[in-house]
Amino acid sequence: FLSLPLHPRVVEMQPRVVQVWYEPDSPRTVTASTVLTKPQSILTVHGALKIDLQAITWSLTDTAEQLVKVLSLGGRVIVRVHCGHLVDRKERPFSSALDAVVGFPTPHVPAGVWESWFFVAVPRIEPVLRPRGRRAPT
């Protein structure tokens with residue numbers, strides 16, 4: 001939700017102002033004396049964008065199965081909103097200021113990129129421990 005209504009022209013144009021990326025954790029190769037990481041590509045998560053006068057809504061268009069498979073590697077999901085393409089009814093550009101997020105006033109420089117992220121943890125699979133000498137059920 002936006003702090004002020006958007007200019008109707010922005011709603012009409014529906015600029016693509018949201019990016020969602022996935023940055024997978026780097027696989028590690030462990031040798032006797034070192035740990036090496038391999039560079040990974042940042043992946044685009046595809047979605048549909050809907051802008052109305054008071055809100056920006058982004059919804060996933062990749063299949064849930066595709067996303068679960070990719071996210072199972074662990075990593076970081078990054079969400080970016082390009083505020084320079086958003087103007088209010090008085091034709092003032094929005095700011096990427098974080099007031100609403102951090103709870104105190106921050107500088108309101110016009111435009112910029114508002115960015116947030118969260119980490120996806122790799123699920124841990126705990127081994128099943130059996131007492132010695134017992135066979136697993138068949």
Side-chain angles (χ1 to χ4, degrees):
F1 292 96
L2 301 167
S3 57
L4 294 169
L6 285 168
H7 194 286
R9 196 167 48 228
V10 173
V11 175
E12 179 184 326
M13 292 174 56
Q14 295 288 307
R16 297 181 71 185
V17 296
V18 175
Q19 293 175 303
V20 180
W21 296 336
Y22 175 63
E23 185 179 10
D25 284 340
S26 294
R28 301 184 189 287
T29 305
V30 181
T31 64
S33 61
T34 188
V35 175
L36 305 172
T37 58
K38 298 177 184 175
Q40 295 293 305
S41 297
I42 293 177
L43 306 173
T44 300
V45 181
H46 302 98
L49 185 66
K50 172 72 173 117
I51 299 175
D52 62 34
L53 288 175
Q54 201 64 53
I56 299 172
T57 306
W58 183 91
S59 57
L60 181 69
T61 57
D62 292 322
T63 68
E65 293 81 20
Q66 290 171 322
L67 193 60
V68 167
K69 184 177 179 181
V70 170
L71 293 179
S72 68
L73 303 172
R76 176 170 52 173
V77 176
I78 304 163
V79 180
R80 297 170 46 103
V81 179
H82 296 266
C83 299
H85 298 279
L86 303 173
V87 294
D88 69 12
R89 288 185 174 187
K90 294 182 180 178
E91 298 185 3
R92 297 176 298 192
F94 275 74
S95 170
S96 60
L98 297 174
D99 295 22
V101 176
V102 296
F104 52 84
T106 60
H108 284 225
V109 179
V113 175
W114 181 89
E115 182 174 286
S116 184
W117 61 88
F118 59 91
F119 293 95
V120 178
V122 176
R124 293 181 188 234
I125 300 173
E126 299 296 329
V128 177
L129 300 176
R130 292 184 214 109
R132 287 184 177 227
R134 289 207 169 169
R135 295 178 135 197
T138 57

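Counting begins at 1 with the first residue of the sequence.
There is no path of hydrophobic side-chain contacts, each under 4.5 Å, that joins Val102 to Val113. In the hydrophobic clustering of ILVMFWY residues, with side-chain heavy atoms under 4.5 Å counting as a link, Val81 and Phe1 come out apart. Side-chain heavy atoms closer than 4.5 Å link hydrophobic residues (I, L, V, M, F, W, Y) into clusters, and following such links, even through other members, never connects Phe104 to Val109. In the hydrophobic clustering of ILVMFWY residues, with side-chain heavy atoms under 4.5 Å counting as a link, Val77 and Val68 come out apart.
In this structure, Leu4 and Lys90 have side chains that are not in contact, with every pair of non-hydrogen atoms separated by 4.5 Å or more. Val45 has its side chain within reach of Trp58: a pair of non-hydrogen atoms, C-beta onward, lies under 4.5 Å apart. Looking at heavy atoms from C-beta onward, Val87 lies out of side-chain contact with Arg9 at the 4.5 angstrom threshold. Side-chain contact check for Phe94 versus Leu6: some heavy-atom pair is nearer than 4.5 Å. No side-chain heavy atom of Val70 sits less than 4.5 Å from a side-chain heavy atom of Pro24. The closest side-chain heavy-atom distance from Tyr22 to Leu73 is below 4.5 Å.
Trp117 belongs to a hydrophobic cluster whose remaining members, ordered by chain and number, are Trp21, Ile42, Ile78, Phe119; membership requires side-chain heavy atoms of ILVMFWY residues under 4.5 Å apart, directly or through intermediates.
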Review point. Are Leu60 and Val20 close enough, and set up right, to give a side-chain contact (heavy atoms from CB on, under 4.5 Å), and what steps lead you there?
Key: CA-CA 10 Å; Leu60 181 69; Val20 180; over 6 Å; no
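Side chain of Thr106 to main chain of Ala97: no donor-acceptor pair is present (N/O by atom type, distance under 3.5 Å, no hydrogens or angles). Side-chain atoms of Gln54 come within 3.5 Å of backbone atoms of Leu2 as a donor-acceptor pair (strictly under, hydrogens ignored). In this structure a side-chain-to-backbone donor-acceptor pair under 3.5 Å is missing from Asp99 to Pro105. A donor-acceptor pair under 3.5 Å is formed between the side chain of Gln14 and the backbone N or O of Ile51.
Legend: residues meeting side chain to side chain contact (heavy atoms under 4.5 Å, CB included) with Glu12, ordered by chain and number and at least two apart, are absent. Legend: residues meeting side chain to side chain contact (heavy atoms under 4.5 Å, CB included) with Gln66, ordered by chain and number and at least two apart, are Asp62, Thr63. Not a single side chain to side chain donor-acceptor pair (under 3.5 Å) links Ser3 to another residue, sequence neighbours left out.
Listed here is the closest heavy atom pair of Ser95 and Pro107: OG-O, 4.4 Å. The two residues Pro15 and Val10 make their nearest non-hydrogen contact at CD-O, 3.3 Å. Across Arg89 and Pro8, no two heavy atoms sit closer than the pair CG-CD, 4.4 Å. What you find for Leu49 and Val17 is that their closest heavy atoms are CD2-N, 3.6 Å. Between Ala111 and Gly84, the closest heavy-atom pair is CB-CA, 3.5 Å.
Between the NE2 atom in His7 and the CG atom in Leu53 there is a gap of 10.5 Å [rounded to 0.5 Å]. Leu98 CG to His108 NE2: the interatomic distance, rounded to the nearest 0.5 Å, is 9.0 Å.
Within the structure, side chain to side chain donor-acceptor pair (under 3.5 Å) pairs that include any residue of residues 68-80 comprise Gln19-Arg80, Glu23-Arg76, Arg80-Glu115 (at least two apart or interchain). The salt bridge (charged side-chain N to carboxylate O under 4.0 Å, His left out) contacts involving residues 13-22 comprise nothing, where partners must be two or more places apart or lie in separate chains.
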